[in-house]
Structures are given as structure tokens and as C-alpha cells.
Amino acid sequence: MQTFKIFKKKLKKMEYNFREIEQKWQKFWKENKTYKVEIDENLPKFYVLDMFPYPSGAGLHVGHPLGYIASDIYSRYKRLNGFNVLHPMGYDAFGLPAEQYAIQTGQHPAVTTENNIKRYREQLDKIGFSYDWDREVRTCEPSYYKWTQWAFLQMFKHWYNKTSDKAEPIEKLIEIFAKEGNKSVNAACNETSAFTAEDWKGFSEKQKEEILLNYRLAYLADTMVNWCPALGTVLANDEVVNGLSERGGHPVVQKEMKQWSLRISAYAQRLLDDMENLEWSDSLKEIQRNWIGRSQGAEMLFKIKNSDVVLEIFTTRPDTTFGVSFMVLAPESAYVQQITTVECKQAVENYLEETKKRSERDRMADVKKVSGEFTGAYAINPFTNAEIPVYVADYVLAGYGTGAIMAVPGHDSRDFRFARHFELPIPQVVVEKGKEPSDTSSWDDSFDAKEGFMVNSGFLNGMDVKDAIAAAIGEIEKKGIGKRKINFRLRDAIFSRQRYWGEPFPLYFKDGIPYPINENELPLELPEVDKFLPTEDGQPPLGRAENWKTKDGYSYELSTMPGFAGSSAYYYRYMDPKNDKALVSKQANEYWRNVDLYIGGTEHATGHLVYSRYWNKFLYDMGLVCEKEPFKKLINQGMIQGRSNFVYRINGTGKYVSLEQKDNYECSAIHVDLNIVSNDILDLDAFKKLTGNEKAEFILNENGEYKCGWEVEKMSKSKYNVVNPDDIVEQYGADTLRMYEMFLGPLEQSKPWDTNGIDGVFKFFRKTWRLFYDQDGNLLVNNNVAEKAELKILHKTIKKISRDIEQFSFNTSVSAFMICVNELGDLKCNKREILEPFLIILSPFAPHITEELWAALGNKESIVKSKFPEFKEEFVTESSFEYPVSFNGKMRFKIEMPLDMPKDEMEKMVISDERSVKWLEGKAPKKVIVVPGKIVNIVV
RNA sequence: GCCUUGGUGGCGGAAUUGGUAGACGCGCAGGACUUAAAAUCCUGUGACCAUUAUGGUCGUGCCGGUUCGAUCCCGGCCCGAGGUACCA
């Protein structure tokens with residue numbers, strides 16, 4: 001590589017030998033355990049956490065460490081400010097890619113995972129992070145997943161009491177059942193028929209267990225699940241993106257299966273409420289709010305004509321009940337079988353068959369297409385007593401509400417489309433303020449009105465929507481045909497995966513009933529299998545394990561836990577990683593409490609960040625942890641995009657044309673490896689060599705160069721735009737990498753990576769070095785007393801840097817450092833009094849070079865143990881200010897005036913300035929605005 | 001469609017959120033040093049019009065408003081990114 005050759009030459013003469021320095025200090029930190037952290041009751045704690053990575057085979061690219069660098073800077077800054085900082089790292093090591101790879105190659109996922117982790121660690125180590133590696137966790141290790149299994153068992157052994165609004169031990173529930181049956185129990189549970197204490201006592205063990213299973217927070221039940229045939233497993237809602245699996249992009253279908261689920265929906269309201277006080281971005285909170293999806297409305301009963309069946313529906317708009325002209329059931333709804341008439345049976349069966357075949361993606365693809373079938377049954381509108389037809393249609397979802405709706409075609413666009421298609425009446429019941437009711441047959445779409453007043457609605461007529469909703473609910477409750485109800489979109493989390501590489505469930509089956517294994521038998525280790533595929537009879541891979549049974553011969557559960565299991569409480573494990581008696585000791589938990597700063601990608605908004613909040617709340621209910629929320633402050637780092645380069649090949653030839661002239665030819669843009677392009681100029685020889693096309697011809701630009709085009713795209717191998725941090729560290733050093741990643745732009749914004757700008761940061765370090773050493777390597781630093789100007793530069797920078805770090809504005813700190821070094825260089829300042837504090841404030845960003853220079857100044861202890869310099873206002877206060885003088889808001893000239901000058905004197909001084917004459921044009925100013933310390937504006 | 005964001009030089013981005021628009025860096029152009037290259041240093045660099053210097057006009061996606069003053073606040077539109085999508 002050309003650039004590398006140049007670099008080698010550079011190094012010979014270069015004073016700042018980053019390579020030697022960085023290796024030296026990384027070794028020093030490791031040997032001295034500089035970043036080891038222990039509980040210290042005398043110091044305030046601060047917990048800084050990165051979302052731990054899944055160790056993929058591809059290794060890290062330059063985008064991954066962005067958040068790690070930011071959190072590392074923050075950790076170091078907090079340490080310098082006297083905090084005891086917990087800053088750990090580990091690996092989310094269970095997961096699908098390793099297993100898919102295992103299926104293809106036969107290589108055990110534990111082996112590939114171990115290798116990948118090694119690679120990750122090497123890459124991380126090169127960047128100089130201040131992690132306490134003694135606290136590392138790996139989710140795939142038995143000593144770690146013991147606690148994942150343990151937490152699951154606790155969920156199995158608890159139920160959710162809606163009255164106390166928390167999880168309680170299942171024993172307590174059994175006591176209640178024995179005393180008074182289940183009548184008074186207000187639990188989050190699956191549908192369970194009522195029983196008395198007498199009934200309970202008469203039930204067999206199996207019956208009792210079956211009933212209890214409906215109440216457990218971790219329960220086994222027939223559920224509609226996302227089944228991914230290609231992966232051979234079910235997936236949680238957040239693992240399905242646009243009807244395809246998040247990993248691999250395979251189609252997903254809906255299927256009813258017996259699956260383990262976590263009753264996360266019981267926590268929906270608390271997940272919503274407790275978010276209020278979190279320091280998360282509004283957008284992230286909003287994503288989570290939408291995902292939880294609270295809606296307020298009513299549950300209502302509709303009688304079926306000539307039948308005992310009563311349809312229960314959920315609506316947010318009970319005010320529009322007078323506008324209901326038909327009803328719709330989800331295809332999966334149990335009501336369908338109950339009410340379909342003999343005449344319609346065949347047609348309905350056909351329809352159900354048809355919808356079953358469609359995948360989620362198909363269903364989502366043609367949302368606009370109307371389909372459905374009449375069941376032959378009629379319901380009675382409880383407000384109008386009208387007979388209305390009941391349909392089955394797949395636009396109604398089984399999983400939401402009750403799987404049945406009252407259709408209000410006048411005011412809901414889906415119902416409207418359906419009504420038009422099946423020629424059903426469309427009554428208008430809401431009118432926009434200031435308008436008259438109109439003939440709905442002339443409408444193009446429904447009026448989905450959240451505001452307006454009621455018409456054709458009996459006792460609701462004339463009310464506005466808000467009042468009408470309240471009045472309608474009042475009437476519904478009075479009539480006893482329904483009640484106020486809050487619904488959530490958030491589903492219980494499907495917790496089983498029919499896969500190998502995950503945590504085994506600590507359960508066995510006896511007589512078809514799941515029983516927990518003894519807690520002292522944890523962890524239940526993942527057994528060996530001959531292949532990582534399902535068994536011949538369709539059992540999950542664990543079905544292949546030989547003698548995978550309890551000592552009494554009972555079979556274990558064959559599914560494993562999903563990816564989010566291991567990541568839901570890892571932040572507690574870091575507090576006390578070696579503890580084999582508890583997830584986390586009371587002492588460690590009460591000291592570290594929760595994560596003060598969490599940095600990671602926004603892609604976890606609906607998965608990890610919901611699950612771990614739920615998991616935490618459950619542990620909180622059990623009294624095991626002391627904080628309601630796990631992550632106090634959260635920052636989403638932006639994505640680093642790739643910057644791809646292109647060459648333009650003239651179609652049908654081996655000729656390439658430079659960017660400037662490409663429009664004169666018919667040509668195709670082809671990705672070119674950015675390693676052979678420098679500042680968009682192509683290295684022609686390297687290109688010939690790389691493509692193996694020695695005869696390639698080029699049409700060059702007027703400078704005799706080949707200029708490439710560029711575009712911002714996702715960083716990916718296929719686009720030849722992946723930049724590896726190792727290469728950057730090799731060429732420029734870790735400090736430059738760290739600093740440049742921060743310099744790219746605001747942390748939370750996504751931005752393209754362009755290595756071209758990195759020279760500026762590299763130059764900055766060389767300039768810094770030259771403040772300490774002359775060209776011959778002599779230390780220049782002296783003990784002379786600092787001048788006012790020098791102190792001003794220093795303190796201005798101290799102030800700016802602490803402010804920026806506290807606001808996570810790291811890009812502007814880098815500028816501030818550059819300005820500081822430029823100014824100190826101009827003053828030829830080599831004074832210890834200035835440079836020592838300067839090193840400290842720079843050290844969070846560039847730990848290696850600062851450590852080296854710090855030692856060179858004769859300091860015996862690591863700079864990590866020093867104290868952040870105190871900002872002193874006195875050094876930066878000015879007695880005068882150079883005021884910009886504007887006329888009608890446009891700046892015309894500047895004038896220096898004392899800051900304590902009275903306003904009227906300033907005014908006089910400005911007006912009498914000779915430069916004002918021109919702008920006043922002989923007129924007297926209409927108005928003069930004087931803002932002390934800011935500006936003078938004259939209105940002419 | 002809905003929600004959340006963002007739109008500033010050739011490029012990444014500043015502007016202490018109502019007070020000098022374009023800090024800092026890259027790139028580019030010119031110069032110094034050098035046998036030469038690299039490195040380093042200096043100067044210039046939003047557009048346009050004038051010009052010996054000086055100077056002027058326009059300019060933060062577009063259109064309007066509030067204000068002495070708007071990148072920042074308000075109303076309307078256009079474009080990009082992310083999330084979500086039959087949620088009743």
C-alpha cells in the first residue's frame with residue numbers, strides 16, 4: 001500500500017513515536033491493573049456501561065468503537081473528578097449467527113464464539129479502553145447463565161398481583177386458592193375458569209399445576225407465534241422486521257404453538273410510567289411508548305341474534321357506537337366457529353384456509369386489499385338495537401384487544417374500505433366543527449375524527465367527541481354491557497427458541513407438566529449434540545443430546561432461551577461478577593445501584609431496552625435490587641456510515657473515465673476498494689494489480705489524475721468501504737483514532753467515516769509533542785511562572801472541555817484542544833504550570849500520549865490517578881469587550897469598550913465613532929440597542 | 001399514512017439556543033525551507049460585484065410572520081434519515 005510506504009519514511013524522523021508509546025502504556029496498565037475497581041464507600045460511585053457486543057466473525061469496524069470511545073472518555077473524566085467508576089465490558093455470546101455457522105461447517109459454536117471473542121479483545125485492547133477486565137462476563141458461560149436460568153426460575157415461581165401491582169411468590173397464590181378459590185384474585189393471567197376453595201382442594205396435582213401455569217410470570221401456553229421455517233424457530237415481535245426475521249431476513253408465518261412466554265405485559269403500565277424520569281432522548285422514549293402502545297377505551301358486549309354467544313370487543317371510540325353497521329372477527333378468533341351459520345360454513349372455511357397460507361409479509365404487503373367473508377350471523381347493536389352482520393376478515397388481528405371489533409365505517413378508514421367493498425351502510429355520527437352532515441355515499445374516505453360533534457347518535461347528539469366518549473362509557477357501564485378498559489399493544493415475550501446455542505431451560509417434564517429443577521442444581525449445562533439440527537421427528541436440536549434427563553429419568557425442556565435472556569441483567573453481574581451465591585450481592589448492588597450512563601445503538605429500543613427494564617422490575621419486586629430502573633441516562637450513538645468510492649467504466653470496454661468527464665460517456669459506476677484511493681484520487685497501478693487487469697485504460701482529468709466519485713452508504717464488505725480500526729491504529733495510533741472518531745461530528749448523529757480528515761488530528765498530536773520536546777528529543781518543559789495570557793488559554797480550555805464532556809459534545813472538545821495547542825505554540829509556551837494541567841484534561845481523550853508525557857515530566861503515578869484541574873474564573877475574565885456594532889441588524893464594524901461602561905456612554909462612543917457617520921447618513925438614529933457584553937445595534 | 005429526527009461552504013462540522021454565520025479540521029490554491037521529495041511553517045479559501053488597498057450586495061432547504069436583530073421563535077410547504085404500521 002502506497003500510504004503505508006510514505007508512513008514508514010515519516011516514522012524514521014518523527015519525534016512522536018505513537019507505536020512505542022501505546023504498546024508501553026497498554027502493557028503498563030495491564031500489569032498494574034490500573035483500571036481495576038472495587039467498592040469504596042468513601043467515594044461516590046459512577047457506573048458507565050456500553051451495550052456489550054455480539055462477537056461476530058467479521059470483527060469490529062470503525063463504527064463499533066464510537067460509543068465505546070465516548071463512554072471511555074466520560075469514565076476517565078469522572079474518575080479524574082473523584083468518582084469511583086465502574087466501567088466493564090463483556091460479550092453477548094449466545095446467538096444465531098454462530099449456530100448458523102455451526103450448521104454449515106460443523107464447527108461447535110462455542111469454538112467460533114471463543115475465537116471471535118479473542119479477536120474482539122485484541123481489537124479493543126489496541127484502542128486503550130479503561131475497562132476493568134477482571135469483571136468481564138460472557139453470557140454463554142455456565143457460571144454466567146446460571147443466573148439467567150435462576151432468574152427464569154424465579155419468574156416461573158411468581159405471579160403478578162394487579163392489586164398490589166407487583167410480582168408475588170406463587171406459594172401465596174396457592175394459599176389464596178386453598179382459602180377462597182380464584183374469585184378474588186386480581187392477577188395478570190391467561191383465561192382461567194372460576195373455582196372455589198373446595199374445587200381447588202379436590203383438584204389433582206396435574207390439574208393444580210395446569211391452573212398455576214396460567215398465573216406464572218414465566219408460563220407455558222398455546223400462543224400465536226412468529227414461526228420462521230428457515231431458522232426452524234419462533235421469534236419475538238422485535239426479532240421480526242417487516243415480516244422477515246431480523247437475522248437472515250427469512251419469511252415468518254403466524255402459527256399457534258405451545259411456547260414459554262414471559263408475562264411482560266403485566267408490567268406495561270409501569271414500563272410506561274417509570275420512563276418519565278429517565279434521561280433518555282425523546283425519540284427513544286417515543287419509540288418505546290409506541291411499542292408499549294397504551295390505548296384507553298372500553299370493552300363492550302354485543303349479543304348475537306338467536307344465539308347465546310356474546311361478542312366481546314374493544315374500542316377506543318365508544319362514542320361512535322351509533323355508527324356501527326357491522327362487526328368483524330379475526331380469522332383466528334374462537335367466535336368464528338361459534339357463530340358461523342351452516343349456510344356460510346363452507347365459504348368461511350375457505351377464507352380461513354386462504355388467510356392461513358399468507359405469510360406476515362404477504363399480509364402486510366397488500367394492506368389495501370380488502371378481503372373477508374360473511375359468517376351468516378347478526379349481532380345486535382346495544383344502542384340502536386339494529387341487527388348488524390358479522391364478518392370474518394384478516395384486517396382484524398387476533399392478538400390485539402379481543403380479536404373482534406365493532407366497525408364504524410364512517411369514521412375509520414379500514415372499516416370504510418371494507419364497507420364499500422361489501423356494500424354495507426356507512427352512517428355518519430361525527431361532524432367536523434362548523435360543517436353540516438353530508439351524504440356518505442359521496443365520500444372518498446372516512447372522516448377519522450378525533451374532534452367534532454355527534455349526530456345521528458341518540459342521547460349523544462350535539463356533544464363533542466371528548467364528552468361523548470365519557471357519556472357513552474357511562475351508559476355502557478350503566479347498562480352492564482361493558483366497562484372502561486385500557487389496552488396495550490405490548491405482547492408477552494415469547495421465550496423459547498427451537499435452537500441449540502442458548503441457555504437451556506432449568507425445567508423438566510413429568511406427566512406433561514413442567515417442574516423446575518432444584519436451584520442448587522443450577523446451572524443446567526448445555527449438553528453436547530452430534531448435529532446442530534432438529535431431530536428427525538422435528539424436535540429442537542437438544543433432542544439429539546444423549547441422556548439429557550434428570551436423575552429420575554424425566555426429560556428436560558428441549559428449547560433454549562432467546563438472545564435477550566442473557567442481556568437482560570448483565571449490568572448486575574458486572575457489579576459482582578464472581579459471585580456464585582447470588583446474581584449480585586446486596587452490598588455490591590447497594591453501592592453500584594444502577595447504570596448512570598448507558599451508551600449504545602438505537603436498534604435496541606424495542607428489544608433489549610424493554611426486556612431488561614422488565615427483568616429489572618421483576619427483580620425489584622422480589623426485593624433483590626434497589627432501583628426501579630436499570631439505566632438512568634442513555635445515549636444513542638449515531639451510526640457510522642461508509643464512504644464508498646466509484647470508478648466509471650465505459651460500457652462494453654475496459655476503459656475507465658475520471659469523474660469530471662463521466663457524463664460524456666455511457667458508463668457504469670463500480671465500487672472500488674477505498675484502500676487504493678486517496679483523497680478520491682485513484683492509485684492506477686494498485687487498481688490494475690487489484691483487478692488483475694493490467695491493460696485497463698484510463699481517461700484522466702486535466703491534472704493527469706483519475707478522480708473517483710463517492711457516495712455515503714452503509715459500511716459493508718460488498719461495497720469495499722469497510723475501515724478496520726486496527727489499520728488506523730497501525731498507521732496513526734490509538735490516540736488519533738479515538739480523537740478522530742470524536743472529531744467526526746456530534747455523537748448522536750450518524751455520519752460518514754472518511755479517513756482523509758484524520759491527518760488533522762495526527763498533526764495535532766505532533767504539535768502537542770513539540771510543546772514538550774525539541775527536534776532532537778530534548779525535554780523543553782521548564783518551571784517558569786506562567787503568564788496571564790497562558791493561564792487564560794489554559795483555563796478557557798478547562799472550562800470548555802468540562803462543559804463539552806458533560807454535554808457529550810466531544811467533537812467540539814477536540815476543536816478546543818486544537819485551538820489550545822495552536823495558541824500555546826504561538827506563545828512558545830513550555831511551562832509545566834500550563835502543560836501539566838493540559839495533559840490531565842487531554843488524558844480522557846488520548847490516554848497514551850498524555851501518560852507518556854506525564855511520566856516524562858517526572859510524575860511517578862499514572863495520570864489516571866490525578867485530579868481534573870479546577871477552573872478559575874479570574875484567569876479568563878476580561879475588563880473590556882470588542883463590541884460588534886450593527887446598523888439595522890447588520891454588523892458593520894467593531895469597537896473595543898470596557899465591560900463596566902454605562903450604556904449611555906457606550907451609545908455616545910459608538911455614535912461619535914467616525915465609522916458611524918457613513919451608516920447614519922446624516923440622520924439621527926431612531927433607536928440604539930446596547931446589550932452589555934454582547935452587541936450594539938443602531939436603528940436608522 | 002403516523003411518530004421522531006435532520007437540512008449551514010467543495011467535504012466533516014462550529015455558533016455559549018434571539019446578538020459578529022461559517023470556529024476547528026480536511027481538501028484546494030499560492031509561497032517559504034530543501035539538490036529533491038516528505039515533514040514543517042506562512043498566506044488565501046461561502047457566492048457574486050467592484051477594486052491598488054479599502055469597499056459593497058446576497059447568503060444557514062423554500063415561502064411568509066414576530067423582533068432593533070432570526071441558523072435559533074411562530075405558520076405553511078419541499079427534501080433526506082430512523083422508527084412504526086391494518087393496534088380498533
Side-chain angles (χ1 to χ4, degrees), chain A residues 6-7 9-10 12-14 241-242 281-291 293-295 297 313-317 320 328 363-364 366-368 393-397 399-402 404-408 412-415 417-418 487-490 602-603 605-606 636 638-639 641 643 679-680 710 740 743-746 748-761 763-764 766-767 770 775 799-800 803-804 807 809 811-812 814-819 822 882-894 918 925-929 931 933-940:
Chain A
I6 293 169
F7 162 75
K9 260 184 171 173
K10 268 185 208 168
K12 261 189 197 161
K13 272 182 87 177
M14 212 183 48
V241 180
N242 290 327
S281 72
D282 289 339
S283 64
L284 186 68
K285 283 187 183 178
E286 197 59 28
I287 291 172
Q288 227 174 73
R289 256 183 231 121
N290 291 340
W291 187 259
R294 183 185 197 268
S295 54
I313 60 102
F314 173 74
T315 179
T316 53
R317 294 297 300 275
T320 60
V328 187
R363 212 163 137 166
M364 285 163 68
D366 40 36
V367 167
K368 289 268 152 65
D394 68 358
Y395 82 87
V396 173
L397 303 177
Y400 186 76
T402 61
I405 63 153
M406 63 179 214
V408 186
D412 180 285
S413 57
R414 297 152 302 176
D415 297 343
R417 275 200 301 272
F418 194 86
N487 230 317
F488 293 96
R489 205 188 79 117
L490 184 72
T602 177
E603 67 272 20
T606 55
N636 291 122
M639 255 220 321
Q641 296 147 309
R643 187 181 187 276
N679 282 323
D680 293 338
W710 63 274
Y740 187 55
F743 190 50
L744 279 178
E748 298 183 65
Q749 225 165 274
S750 47
K751 58 243 160 188
W753 176 273
D754 182 2
T755 308
N756 286 327
I758 204 168
D759 276 338
V761 171
K763 272 186 213 162
F764 160 78
R766 277 182 300 192
K767 281 187 203 167
R770 258 179 271 129
Q775 296 216 306
K799 186 181 180 187
K800 172 88 176 136
R803 231 190 89 100
D804 283 353
Q807 299 182 348
S809 173
N811 54 326
T812 50
V814 179
S815 306
F817 282 125
M818 286 173 169
I819 293 167
N822 287 345
E882 194 180 26
Y883 283 90
V885 178
S886 314
F887 289 78
N888 295 330
K890 284 210 158 64
M891 204 279 287
R892 297 302 178 182
F893 62 86
K894 288 180 198 170
K918 176 177 172 187
K926 274 195 195 134
K927 198 175 176 185
V928 181
I929 292 108
V931 186
K934 287 261 161 93
I935 200 168
V936 178
N937 189 24
I938 298 161
V939 188
V940 186

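Chain identifiers are assigned alphabetically (A, B, ...) following the order of the sequence lines, protein sequences preceding nucleic acid strands; residue numbering begins at 1 within each chain. Every heavy atom of this structure was used, including side-chain atoms; hydrogens, water molecules and symmetry mates were not.
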Return the minimal non-hydrogen interatomic distance between [X] and [Y], and the atom names on each side.
X	Y	result
N487(A)	G401(A)	ND2-CA, 3.5 Å
N679(A)	N756(A)	OD1-CG, 3.0 Å
Q641(A)	S750(A)	OE1-C, 3.9 Å

Which is true for [X] with a 4.0 Å heavy-atom rule: it touches a base, it touches only sugar-phosphate, or it touches nothing?
X	result
R643(A)	nothing
V939(A)	sugar-phosphate
N811(A)	sugar-phosphate
R289(A)	nothing
K285(A)	nothing
N937(A)	base
S886(A)	nothing

Please report the distance separating the [atom1] of [N] from the corresponding atom of [M], rounded so that it comes out in whole Å.
N	M	atom1	result
C72(B)	U60(B)	P	9 Å
G69(B)	A50(B)	P	31 Å
C78(B)	C62(B)	P	15 Å
U43(B)	U4(B)	P	48 Å
C24(B)	C74(B)	P	31 Å
A23(B)	G13(B)	P	15 Å
G61(B)	G80(B)	C1'	11 Å

Could you state the atom-to-atom distance from [atom1] of [X] to [atom2] of [N] in whole Å?
X	N	atom1	atom2	result
M891(A)	U57(B)	CE	C1'	16 Å
E603(A)	A81(B)	CD	P	18 Å
F764(A)	G25(B)	CZ	P	11 Å
K763(A)	C41(B)	NZ	P	7 Å
N888(A)	U67(B)	CG	P	15 Å
F743(A)	A23(B)	CZ	P	12 Å
W291(A)	C3(B)	CH2	C1'	15 Å
F893(A)	U54(B)	CZ	C1'	16 Å

Measure the [atom1]-[atom2] distance between [X] and [Y] for me, rounded to the nearest 0.5 Å.
X	Y	atom1	atom2	value
N811(A)	Q749(A)	CG	CD	8.5 Å
N290(A)	L490(A)	CG	CG	12.5 Å
I938(A)	K890(A)	CD1	NZ	15.0 Å

Once you apply the 3.5 Å cut-off to both distances, tell me the Watson-Crick or G-U wobble partner of [N], or none.
N	value
U5(B)	G80(B)
C73(B)	G65(B)
A37(B)	none
A47(B)	U57(B)
C86(B)	none
G30(B)	C42(B)
G12(B)	C24(B)
G18(B)	none

Report yes if at least one side-chain N or O of [X] is closer than 4.0 Å to OP1 or OP2 of [N]; otherwise report no.
X	N	value
R489(A)	A85(B)	yes
R766(A)	U40(B)	yes
S283(A)	G82(B)	no
K894(A)	U20(B)	no
N822(A)	G25(B)	yes

Give the nucleotide from the list [options] with an atom nearest to the side chain of [X].
X	options	value
I405(A)	C68(B), G83(B), A88(B)	A88(B)
R770(A)	C24(B), C41(B), G19(B)	C41(B)
I819(A)	C68(B), A88(B), C24(B)	C24(B)
D759(A)	G27(B), U4(B), A88(B)	G27(B)
T812(A)	G19(B), A15(B), U20(B)	A15(B)
Y400(A)	U20(B), C3(B), A88(B)	A88(B)
P746(A)	A14(B), U84(B), A21(B)	A14(B)
P752(A)	C3(B), A14(B), G12(B)	G12(B)
M818(A)	G12(B), C24(B), G83(B)	C24(B)
S815(A)	A23(B), U57(B), U16(B)	A23(B)

Practice problem: Using the side-chain contact (heavy atoms from CB on, under 4.5 Å) rule, pick out the option among V936(A), N937(A), V885(A) that qualifies with V928(A). | Solution: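 That would be V936(A); it is the only one of V936(A), N937(A), V885(A) passing the side-chain contact (heavy atoms from CB on, under 4.5 Å) with V928(A).
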Quiz prompt | Syn or anti for G75(B) (syn when the glycosidic angle lies within 90° of 0) | solution =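 Nucleotide G75(B) adopts anti.
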Quiz item: Looking at W291(A), is R489(A) sitting on its ring face, NZ or CZ under 6.0 Å from the six-membered ring centre and within 45 degrees of the normal?
Solution: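 R489(A) over W291(A) ring: yes.
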Quiz item: In terms of ring plane angle, is the pair Y400(A) and F314(A) parallel, tilted or perpendicular, where the classes change at 30° and 60°?
Solution: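 Ring orientation, 0 to 90° scale: perpendicular.
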Practice problem: Classify the ring geometry between W753(A) and Y740(A) as parallel (under 30°), tilted (30 to 60°) or perpendicular (over 60°). | Solution: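 Rings of W753(A) and Y740(A): perpendicular, over 60°.
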Quiz prompt | First of D415(A) and R892(A) reached from the 5' end of RNA chain B, by closest nucleotide | solution =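 That would be R892(A).
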Self-check item: Upstream residue (5' side of RNA chain B) when N756(A) and K890(A) are each assigned their closest nucleotide
Solution: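 That would be N756(A).
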